[in-house]
Amino acid sequence: MMDLFSAIEEPEREELKALRKELEEANYKYYVLNMPTLSDREFDEKMHRLQTLEAQFPDMFDPKSPTQHVGSDLGKKGFEQVKHKYPMLSLANSYSREEIEDWVRKLPSGVEIVCELKYDGLSISLWYEHGVLVRALTRGDGQQGDDVIANIKTIPSIPWRIERDDIPEFFELRGEVLLPWERFEALNKEREEQEEPLFANPRNAASGTLKLQDPKEVARRGLTAYLYYMLGENLPGKTHYERLQTAKEWGFHISDAIKVCHSVDEVMAYIAYWDTERKNLPVATDGIVLKVNNLAQQEELGYTAKTPRWAIAYKFPAEKQLTLLKEITYQVGRTGVVTPVANLEPVQLSGTVVQRATLHNEDFIRSLDIRPGDMVWVEKGGEIIPKIVGRADREETSDPRIPRTPSFPSCCPECGTPLIRVEGEAAWRCPNETGCPPQIKGKIEHFVSRKAMDIEGLGEETIDLLYQKGLLHNIADIYSLRQADIAAQERLGDKSAQNILDGIEASKKVPWSRVLFALGIRMVGETTAKKIARVYNTIDSLQWATAEQLCAIEDVGPQIAENIVRYFEDIRNLEILDRLRQAGLQMEGEAAAEPASDKLAGMSIVISGTFSLHSRDEYKAMIEAHGGKNVGSVSKKTTFILAGENMGPEKLKKAEALGIRLMSEEEFLEMIK
Ligand code: IVH
């Protein structure tokens, strides 16, 4: 009997595991890579399903499950990590009047509810001691965050100091850091011109900006902030609303769109008003936050593991429009994957005109049975590329002029090669890697991109032009380009030709790990390339590595190993590599393995605070290069602390107690000279 039950339960247990994995990944992509893959709604639905399954199978409880902690944006180096005084929680989401009513039903009767806009940026916690801004922490994993105070100080509306007698010794203000629409668009335009990857939305742009190690650049981008929550001991006021008004008097930037409501009807009216009016705001909003106004009631209601019970978010529905699908075309990407693209009757959506949207893959088209001539729903989620999310009912007809669901092309629309469908993947792929134009150009574009060989001047258009003229067919051709060939092209004069050649020359110094990444071996990304290059210090050693040996490298699984082995089996690749070597590219690791000195051998060094001469990462690298070990926390084994400005008070206290020496940047640099 038991066996029968377990057999029935098995698919749900598998689903639970798969959901955990998917949500972990989605969190990582959202918080660490700034590249959201799921819409908020999809994320919430999956999270909800996971919670249901976890309740059903208590034996599968895991404290590391995404249901047990808020998504983390830790993992960025270079900022001091500081524990929050009060954990930074997230909010439960709701999407309808019914869900709001469910929440209100659990509150004491007659409560006042404060409605605020839900700003779509990233949260920040500002600490004020004796009126002075001393820390500005990101949410991080909710327990500890990065201190980004140097960047926060570039925001004009955030006061560095409050000069008043009536403020508590310590208080904390929380709010949202945002990049206004106008700044976001200007930044993306600039990035487009420089051929840098675009930010998908203002939130990602704000997050990327706040993590820069260059406050000057942060200042130039023009962040702003709204504050919405004050915490601390002995604070004035009995209600949330009063506290925010006090904060406003003290000089903080508090939104005017705050309203105390007494019924769900009033709340819904506020929502209806702002769902339209928000389009005129200078910053992005994605919903409304409802908070119990009375602070004593808030305290009584308390918290769950992840969210307060006294507050809830209402999310605006993602903007969707119905429009005509005129035609489906097929686009071939750098790796040969063929993506169906919907060509639409132009439609206005979230401030821009949309005429193309992704249809993902063949299975997607089939599952929605989408045909040209249909009216389709197009949505702009967190991604740059809009997507089709459904179609309007169509009158079924046997009219032979109405096409059937289009069949996916069997041959590459660019080069005619029969497509292959890789097992386990939904995508069709053109296998003609070296003869298919978008794959050829895509490989070259990848090769010259900033994180690879970083060849300035060789942008998408120029590559296309040189390809059309028969001057560029593969990455090795780049090193055979001559000044006269380039300068003779329309739009490219002597100056751009020289610029390109300078870029090409400079690329010969790019280290081996980046050359390996630039080769564009399938699934060998930037980080994997670094890890491989650390183990295989020369291209010759890598060429002879077996799949089994490669799998021993961290992050390299059988699929990647296979791709690498295949790459070196292809004679065309070997010829290209030979030409690259002759051109003088770095096909061997620099003497990184050899330490610069052993001046710091045996020493355990803690880095703390902010620095002005080098970045944290650079100091870390210096410590390692001179034989030392960089450790995270102070203990009696610590040899010394490389101390910058605003060192963490905990570390300082501990260092004093243990009598550990603090060394300045200058002293340290002198020491390793
Ligand atoms: S209150 C304990 N108020 O939404 C609750 N949050 O999805 C503290 N957010 O992490 C948050 N606007 O980053 C609050 N008016 C507002 C907000 C707001 C945006 C963000 C905040 C929070 C996230 C939760």
Side-chain angles (χ1 to χ4, degrees), residues 26-27 30-31 36 38-41 43-44 47-48 66 69-73 84-95 99 103 113-126 136-143 145-146 148 152 172-179 201-204 206-207 210 223-232 239-241 243-245 247-248 252-261 267 270-271 274 278 281 283-293 295 297-299 301-316 382:
N27 267 336
Y30 182 104
Y31 287 103
L38 296 178
S39 71
D40 285 359
R41 188 167 198 143
F43 183 88
D44 288 339
M47 183 66 92
H48 192 237
H69 58 91
V70 292
S72 169
D73 68 356
H84 290 298
K85 285 219 160 76
Y86 309 91
M88 276 182 98
L89 303 175
S90 69
L91 293 169
N93 286 330
S94 67
Y95 296 91
E99 286 175 280
W103 175 67
I113 294 167
V114 181
C115 288
E116 297 170 15
L117 288 172
K118 186 170 186 306
Y119 292 101
D120 193 13
L122 49 143
S123 33
I124 194 79
S125 154
L126 308 175
L137 307 181
T138 61
R139 179 161 83 163
D141 62 0
Q143 300 300 323
D146 287 337
V148 291
I152 286 296
E172 187 177 333
L173 264 174
R174 290 194 182 165
E176 205 79 354
V177 174
L178 302 135
L179 194 66
N201 51 45
R203 182 191 49 226
N204 291 354
S207 165
L210 212 48
L223 292 170
T224 186
Y226 282 91
L227 302 167
Y228 45 63
Y229 187 30
M230 190 173 0
L231 300 105
T239 65
H240 172 67
Y241 185 80
R243 277 208 184 152
L244 289 189
Q245 297 315 310
K248 197 175 198 168
F252 289 99
H253 192 206
I254 310 288
S255 165
D256 287 326
I258 303 181
K259 187 166 190 282
V260 182
C261 294
V267 170
Y270 179 93
I271 290 176
W274 280 109
R278 71 193 184 103
L281 294 174
V283 293
T285 53
D286 63 343
I288 300 292
V289 181
L290 314 178
K291 299 174 184 169
V292 167
N293 194 20
L295 298 170
Q297 284 178 335
Q298 280 192 4
E299 202 170 321
L301 286 160
Y303 299 83
T304 71
K306 293 201 324 176
T307 60
R309 289 198 190 85
W310 48 264
I312 189 170
Y314 166 85
K315 298 296 264 304
F316 293 126

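Just follow the structure's listing: the first ligand is 1, and inside any ligand the first atom is 1. Keep in mind it's a predicted model, so treat the numbers as computed, not measured.
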Close residues (non-hydrogen atom under 4.0 angstrom from ligand 1) work out to L89, L91, E116, L117, K118, Y119, S123, R139, E176, Y228, V289, K291, P308
Whether the side chain of N293 engages the backbone of H240 through a donor-acceptor N/O pair (distance < 3.5 Å, no angle test) should be reported.
yes
CD (E299) with more than 12 external heavy atoms under 6.0 Å:
no
Which residue in the set R174, E116, E176 passes side chain to side chain contact (heavy atoms under 4.5 Å, CB included) when paired with Y229?
R174
Evaluate the ring planes of Y270 and W274, with Trp represented by its six-membered ring, and classify them as parallel (under 30°), tilted (30 to 60°) or perpendicular (over 60°).
tilted
Identify, with sequence neighbours excluded, every residue that meets salt bridge (charged side-chain N to carboxylate O under 4.0 Å, His left out) alongside D120.
R203
Which value, rounded to the nearest 0.5 Å, describes the distance between M88 atom CE and T138 atom OG1?
7.5 Å
